[in-house]
Structures are given as C-alpha cells and as structure tokens.
Q: 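One structure, pasted below without further comment.
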Amino acid sequence: PCILFLFSSLQATSGAPADKYAGLTIALIEFSSTDSIKTDHLYKTINISVGQTLNSGDIRRSIENLYKTKEFSYVEVDAEIREEGLVITFKLTPNFFFADFRISGDLVIKPTISNLVQLPIGEIYSHKAVEDLSSSVLRAYRDAGYYRAAVHPDIQFLQESHLVNVNYRAQAGPRATIEKIEITGSPQLDVKEILAVMKLRPGRSYRGVKLRKDLERIRKLYSGRGFLNANIRLESIHFEEKTNTVQITILVDSGSFVYI
C-alpha cells in the first residue's frame, strides 16, 4: 500500500491519510526528482528521521521547510510499506533561477538590456518575467522608431545548475517615418514657429529620443517668451502599419504670460 500526501503552496489536499501510518517507525527516507538535484543537505532540512515514529505534523513541517529553501516549486510525499518497513519519499520539483539575459539579432538600439529594465537575475524563473522583459525590449525598439520590430525569447534551462539563460532575438525591420506633426491645445504662439524649433519633420525617420529633445526645445521657446507655466507634453503617437508611418500630436497650453 502507498499513501500520497500532496502539498502545494503549503496547503495539504488531504491530511487524513497520514493517520493510517501514524505511530509506525520510519525505516527509510528518500528524495526523488525528474531533474538532477543534490539531496545530502535536505536531511537536515526536514523534521523527520529514520527510527522516528511518524506523525502528520512532522510531515507538514518538513514540507514547509523544503519550500522555505526556495529550491523547490512543488513537493509531494509518498508513504508506503516495503520489506524494510515504512518508507517516506519526498518527490521534488526544483525551481530554476534567472542567470543571464541578452539581446541578439538586429542590435540597432543603443541601450543594453540591463539599461532598459531591472533584470531579475537570481530570482525564481517565471514565464511572466520573460514576457514582461520581452515587452520592455519591444518598447525600446519602437521608441527608436522600429514599430515593426519583433522580439522572440529563447529560453535555455541548465538542468545541472538549475539556472536559466534568456536570449531575446530581435528583428528590427525598417524605421518608421513621420507623416504629420500636429499641435493642439492653446498654444497662443504661431504653430509654424513652434514647428520651426523642432528637429523632427514630416518625411524624416522617427526617434523617441529626438522627440523628447524637441519637447524640451518647445519648453525653452515658451519660457523665453515669458510663458513660464506653459504645459508641453506628448499627446499621442499613432502608428500606421500599412505605410510604416507615425502621426505625432503634441499638446501645448501656453498658460498665462508672466511679466518680469
């Protein structure tokens, strides 16, 4: 006969079967996994030992201690009677930990991946973290004007070390061009004058860094004209897939004129 205790996130799905073997002496303790794991140190982690009588409380505390190591994402416990007596087997699914992140392919953006986002190096692997980083890399390419870019993560699991390396393969595609720049709000100054201080022009390639510099140029224009409380910000960027073009809308509210 074999009794199975299942614990996930420290919650037992069945605690009653533990009573069947309660009071019996433990003859053997085993650890098993479909992955390569080291087990010598685990005997000091659990709350049971060979020669000890079994009780469900010690099993639960043992599982809690295994989870606290953060080495494992799932733990099962088998209890069965063999020729040698009562055998307890801990079936373990190990966690994997992020070790390295890289971008390969079309390296047309200046920031490295570590400059784009805080990398979860040393943290437990999760698919969500990989996808979140994919989105961050894709945003960086689009900010550089590559709106047709695609990013594909290659995930390498190192079974012996339980580490994970992620390589983001980037395909940039052609850089988008500017179709139109529109000024909205209450600018008071002539729109042509505002557009004249900008480096970006319709027909030129789009770059987010240049747009941010242009917004700062507009702020300096208004400040120099006495509109010290002017509100200048990017309202929207609309990308047209068919033509690979962007339409930029900038909100300008001049505010009141300040006499100095």
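Remember, predicted model here, so these are calculated numbers, not experimental data.
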Q: Answer yes or no: is there a side-chain heavy-atom contact under 4.5 Å between L163 and F98?
A: no
Q: For K128 and D132, what are the C-alpha separation, side-chain angles and deciding distance, and is it a salt bridge (charged side-chain N to carboxylate O under 4.0 Å, His left out)?
A: CA-CA 6 Å; K128 182 179 183 302; D132 287 347; 2.8 Å; yes
Q: Which residues satisfy the side-chain hydrogen bond (donor to acceptor under 3.5 Å, both in side chains) test with D214, sequence neighbours excluded?
A: R217
Q: Are F72 and Y74 connected, step by step, through hydrophobic side chains (Ile, Leu, Val, Met, Phe, Trp, Tyr) whose heavy atoms are closer than 4.5 Å?
A: yes
Q: Taking all non-hydrogen atoms of both residues, which atom of S254 and which atom of Q188 are closest, and how far apart?
A: OG-NE2, 2.9 Å
Q: Would you say L138 and Y147 are hydrophobically clustered, going by side-chain heavy atoms of ILVMFWY under 4.5 Å?
A: no
Q: What do the steps show when you test N167 against Q156 for side chain to side chain contact (heavy atoms under 4.5 Å, CB included), and what is the final call?
A: CA-CA 8 Å; N167 176 41; Q156 181 186 21; over 6 Å; no
Q: Find out whether I48 and F90 are in side-chain contact, i.e. whether some heavy atom of one side chain is under 4.5 Å from a heavy atom of the other.
A: yes
Q: Hey, does I81 have a side-chain heavy atom less than 4.5 Å from the side chain of L24?
A: yes
Q: Using every non-hydrogen atom in the two residues, find where I194 and L189 come nearest and quote the distance to one decimal.
A: CD1-O, 4.1 Å
Q: In the structure I gave you, are the side-chain heavy atoms of E241 and R148 within less than 4.5 Å of one another anywhere?
A: yes
Q: Within the 4.5 Å heavy-atom criterion, are M198 and L221 side-chain neighbours or not?
A: no
Q: Okay, side chain of Y168, backbone of V130: is any donor-acceptor separation there less than 3.5 Å?
A: yes
Q: Is it true that a side-chain atom of R204 and a backbone atom of K199 form a donor plus acceptor pair closer than 3.5 Å?
A: yes
Q: Would you please indicate if the ring centroids of Y125 and F96 are separated by under 6.0 Å?
A: no
Q: Taking the basic N atoms (NZ, or NE/NH1/NH2) and the acidic carboxylate oxygens, is any pair closer than 4.0 Å for K38 and D40?
A: no
Q: Flag the pair I250 / T184 as yes when at least one side-chain heavy-atom distance between them is below 4.5 Å, and no otherwise.
A: no
Q: If hydrophobic clusters are built by linking Ile, Leu, Val, Met, Phe, Trp and Tyr wherever their side-chain heavy atoms come under 4.5 Å apart, do L28 and L42 end up in the same one?
A: no
Q: Provide the closest heavy-atom pair for P94 versus L92 in the form atom of the first, atom of the second, distance.
A: CD-O, 3.7 Å
Q: With clusters defined by side-chain heavy atoms of hydrophobic residues (ILVMFWY) lying less than 4.5 Å apart, directly or transitively, does Y206 cluster with V197?
A: yes
Q: Does some side-chain heavy atom of L133 sit less than 4.5 Å from a side-chain heavy atom of P120?
A: yes
Q: Pair I37, H162 - check side chain to side chain contact (heavy atoms under 4.5 Å, CB included), show working.
A: CA-CA 9 Å; I37 61 171; H162 298 153; 3.6 Å; yes
Q: Do you know the tightest heavy-atom contact between A140 and L116?
A: CB-CD2, 3.6 Å
Q: Closest approach of L200 and S205, non-hydrogen atoms and distance?
A: CD2-O, 3.8 Å
Q: Which value, rounded to the nearest 0.5 Å, describes the distance between T69 atom OG1 and N95 atom CG?
A: 8.0 Å
Q: Got a sec: does the CD of E160 have more than 12 other heavy atoms crowding it under 6.0 Å?
A: no
Q: When rounded to the nearest 0.5 angstrom, what is the spacing between CG in D78 and CD in E30?
A: 9.5 Å
Q: Any chance CZ of R102 has more than 12 other-residue heavy atoms, nucleotides or ligands included, within less than 6.0 Å?
A: no
Q: When clusters are formed by joining ILVMFWY residues with side-chain heavy atoms under 4.5 Å apart, either directly or through shared neighbours, do V137 and I155 land in the same one?
A: yes
Q: Just how far is it from atom NZ of K70 to atom NZ of K68, taken to the nearest 0.5 Å?
A: 12.0 Å
Q: Using a distance-only test with no angle check, is there a side-chain donor-acceptor pair under 3.5 angstrom linking H41 and E71?
A: yes
Q: What pair of heavy atoms forms the shortest contact from V108 to A172, and how long is it?
A: CG2-CB, 3.7 Å
Q: For the backbone of T45 and the side chain of N65, can you confirm whether one donor and one acceptor N or O come within less than 3.5 Å of each other?
A: yes
Q: Between I178, I181, L211, which is the residue that forms a side-chain contact (heavy atoms from CB on, under 4.5 Å) with V246?
A: I178
Q: Less than 4.5 Å apart, side chain to side chain, heavy atoms only: is that true for I26 and Y21?
A: no
Q: First locate atom NE2 of H152, then atom CZ of R169, and finally report the distance between them rounded to the nearest 0.5 Å.
A: 6.0 Å
Q: Check the pair I124, F97 against side chain to side chain contact (heavy atoms under 4.5 Å, CB included), reporting the backbone distance first and the verdict last.
A: CA-CA 4 Å; I124 296 172; F97 297 86; 3.5 Å; yes
Q: With E216, which of R219, R212, K213 fulfils side-chain contact (heavy atoms from CB on, under 4.5 Å)?
A: R219
